[in-house]
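Accompanying notes for the structure given below.
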Amino acid sequence: MRVNHPGGEAREDVYGTAPLVTGDAVVLDLRPAGFATRAAAIALDVILQLILLVALAVAATWIGTGVDMAATMAFATAAMVLVLVGYPTVFETVSRGRSLGKLALGLRVVGTDGSPVRFLQALARALAAVVEIWLTTGVIALLTSMINRDGRRVGDFIAGTMVVEERAGRRREEFIAMPPHLAAWAAGAELSRLTPETAASVRQYVLRYTELAEHTRHEMGLRLADAVAAQISPPPPPGTAPPHYLAAVLAERRRRHELNAWIDGAPGPPNGRS
């Protein structure tokens, strides 16, 4: 499905659910990579780069036999730049944010707005890594990643990127329960005009509700409740809180889908999950 990101550009979401951008510009379905997972991915990339550096050093020594020292040093410098800067830049650009280490751990580099990483962003990350990872043995990257909630290092701040868990969208489907006091209302509601895009955005909001700041919960809840109210009828009972209203709509929608599947002969009785 297509979704609108900041700036009005529509992009295809990786996992088929609409990323929901909060008033704080947080894309809810992008889960920042955990510190341990990200450190392991960096370690794998560093090991690979060290192997390449050693191999190229051996090649430089072999080539240097009978060649003047200046040419040998030029080759060694070019090889170092190629490995330390070229490798991460090319891999992250071509693979849309995945180096070999990140690919192995299920991580991906994206823009802070959820967009695919671009060449200049990958280059900025790689150049910053020379200082914060290689020249300081990772101390700067470690400290920076520990003091911000998204685990971003200096290169991420310079490039406007973050590392996310690419496999998060493939996790077990999470359960959204029907608020008991809205079950009777939901059973009689007309939901056929509710679009998949709206339902996906509402689902992201309900599942991430406890992770949001209080003002964001309120602002986004009202906005989504208005969007849903324009597509379904009748309105909920007076005084219904937006989170309860939205959860009831999702739970009833899922119940009806499962009931229809069961009637059509799908295995297993309907269970009423959202």
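In this chain, numbering begins with 1 at the start of the sequence shown.
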Salt-bridge test for R108 and E165: reply yes if a basic N is under 4.0 Å from a carboxylate O, no otherwise.
no

Side chains of V117 and V110: closer than 4.5 Å at any heavy-atom pair?
no

Can you check whether P237's main-chain N or O pairs, donor with acceptor, with T240's side chain at less than 3.5 Å?
yes

Would you find a donor on one side and an acceptor on the other, under 3.5 Å apart, between the side chain of E190 and the backbone of S192?
yes

Answer yes or no on whether R98 is positioned over the face of F91, meaning its NZ or CZ is under 6.0 Å from the six-membered ring centre and within 45° of the axis.
no

Side chain of E219, backbone of T216: donor and acceptor closer than 3.5 Å?
no

Sidechain-backbone polar pair: S201 side chain, E197 backbone, donor-acceptor under 3.5 Å
yes

Any donor and acceptor pair, going by atom type alone, linking the side chain of Y205 with main-chain N or O of R217 inside 3.5 Å?
yes

So E92 and F119, do their side chains get closer than 4.5 Å, heavy atoms only?
no

Quick check: does any side chain N or O of S99 sit under 3.5 Å from a backbone N or O of P88, one acting as donor and the other as acceptor?
no

Would you check, one step at a time, whether the test salt bridge (charged side-chain N to carboxylate O under 4.0 Å, His left out) holds for D150 with R38?
CA-CA 11 Å; D150 293 333; R38 184 168 180 175; over 6 Å; no

Would you say the side-chain atoms of R153 pair up with the backbone N or O of E132, donor to acceptor, closer than 3.5 Å?
no

Treating W185 as the side-chain partner and A248 as the backbone partner, does any N or O pair qualify as donor plus acceptor under 3.5 Å?
no

Does the side chain of V249 reach to within under 4.5 Å of the side chain of Y245, using non-hydrogen atoms?
yes

Is any side-chain heavy atom of L123 closer than 4.5 Å to a side-chain heavy atom of V85?
yes

Would you mind reporting whether R118 and T93 have side-chain heavy atoms less than 4.5 Å apart?
no

Quick one: are K102 and V109 in side-chain contact, heavy atoms under 4.5 Å?
yes

Might you work through the side-chain contact (heavy atoms from CB on, under 4.5 Å) test for R125 and Q121, ending with a clear yes or no?
CA-CA 6 Å; R125 282 173 46 82; Q121 290 176 307; 5.6 Å; no

Any side-chain heavy-atom pair from L100 and D45 closer than 4.5 angstrom?
yes

Mind listing the closest non-hydrogen atom pair of A79 and L56 along with its distance?
CB-CD1, 3.5 Å

When you measure from the side chain of T144 to the backbone N and O of I140, does any donor-acceptor pair fall under 3.5 Å?
yes

Polar contact flag, side-chain donor to acceptor under 3.5 angstrom, T195-T198:
yes

Kindly indicate whether the side chain of L53, heavy atoms from C-beta on, has any atom under 4.5 Å from the side chain of L84.
yes

